[in-house]
Trainee: 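The structure is given below, and queries will be raised subsequently.
Just so you know, residue 1 is the first one in the sequence shown, and it goes up from there.
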Amino acid sequence: MTTVCWDGNELAADTLYVTATRRLGGNYEKILLPDVAKWTVEGKSILAVGFSGSISTIPHIKKVLEADATPGVDPACGDANFTLLLITDKREVYYWNYGLTHKGEVINELFVVEGNHGIGSGGIYGLGVMAIRGKAIDGVKAGIKIDIHSGGYIDVWSFDTPRLLTRFNPATGEIVSAKQNTPVPEKNDTILCAVNG
């Protein structure tokens with residue numbers, strides 16, 4: 001229950017977390033950035049992930065992304081669910097939806113989407129606003145205003161500054177915080193030797 005929007009350059013998300021019908025205090029990051037390991041989908045580097053779903057799935061998702069997400073991969077989340085937008089370094093966007101239907105059947109879809117996109121309970125409102133105004137942040141503002149399960153601040157990630165996550169107050173436009181993510185170290189085959197002497 002959230003609003004996450006992608007406009008082709010920026011990914012934006014609200015920060016309210018709702019479980020069942022309870023609105024939890026605090027602000028949650030729904031834009032995930034690779035930190036200690038490189039994330040990939042079908043061999044392509046992921047720069048950012050827009051997240052909607054049960055936060056208990058996040059460690060499982062990270063493990064799959066570290067090993068390379070491919071269609072049909074099992075994230076081992078049990079009956080928890082999630083929907084993701086995976087933004088690659090080539091501006092490709094993958095949509096990954098995982099969960100159980102009311103009949104207990106597993107849904108596990110991973111495919112490329114084009115154009116503006118929105119996920120979460122407020123995603124449809126975000127898509128409507130982006131169709132008119134074009135910006136992800138405006139889509140999330142609409143989700144916060146209309147969807148009772150969206151709220152809090154707005155986090156924004158940009159393809160132009162891929163290691164920066166900026167948090168805004170939607171009422172004032174004021175920057176609340178800016179978090180610089182450290183780059184994931186590239187694998188290096190160099191062997192360091194110590195020489196006694």
Trainee: Can you spot which of V140, I154, T15, D14 makes a side-chain contact (heavy atoms from CB on, under 4.5 Å) with P170?
Mentor: I154
Trainee: Got L110 and P71 here, is their nearest side-chain heavy-atom distance under 4.5 Å?
Mentor: yes
Trainee: Measure the spacing between CD of Q180 and OG1 of T166 and express it to the nearest 0.5 Å.
Mentor: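 Going from CD on Q180 over to OG1 on T166, the span is 9.0 Å.
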Trainee: Could you check whether any side-chain heavy atom of V106 comes within less than 4.5 Å of a side-chain heavy atom of L100, counting everything from C-beta outward?
Mentor: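 Yes; the side chains approach each other to less than 4.5 Å.
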Trainee: Is the closest side-chain heavy-atom distance between N9 and S158 below 4.5 Å?
Mentor: yes
Trainee: If hydrophobic clusters are built from ILVMFWY residues whose side chains come within less than 4.5 Å, do M130 and Y95 share one?
Mentor: no
Trainee: Do W96 and E109 touch side chain to side chain, with heavy atoms closer than 4.5 Å?
Mentor: no
Trainee: Looking at every heavy atom in both S54 and T57, which two are closest together, and how far apart are they?
Mentor: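 Looks like O-OG1, 2.7 Å.
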Trainee: Heavy-atom distance under 4.5 Å between the side chains of N108 and P75, does that happen here?
Mentor: yes
Trainee: Short question: side chain of K30, backbone of T3 - any donor-acceptor pair under 3.5 Å?
Mentor: no
Trainee: For residues L11 and G50, report the shortest heavy-atom separation together with the two atoms involved.
Mentor: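 Distance-wise, the nearest heavy atoms are CD2-N, 3.6 Å.
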Trainee: Counting distance only, does the side-chain N/O of S121 pair as donor-acceptor with the main-chain N or O of T2 below 3.5 Å?
Mentor: yes
Trainee: Applying a strict under-4.5 Å side-chain criterion to I, L, V, M, F, W and Y, I'd like to know whether Y98 and I119 cluster together.
Mentor: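 No: no chain of side-chain contacts under 4.5 Å links Y98 to I119.
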Trainee: Taking N81 for its side chain and G53 for its backbone only, find out whether a donor-acceptor pair lies under 3.5 Å.
Mentor: no
Trainee: Should F82 and H60 count as side-chain neighbours, where that means a heavy-atom distance under 4.5 Å?
Mentor: no
Trainee: With no hydrogens and no angle check, is any side-chain donor or acceptor of W157 less than 3.5 Å from a backbone partner on P162?
Mentor: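 Looks like yes, one N/O pair under 3.5 Å.
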Trainee: Rounded at 0.5 Å granularity, tell me how far CD1 in I61 sits from CD1 in I55.
Mentor: 11.0 Å
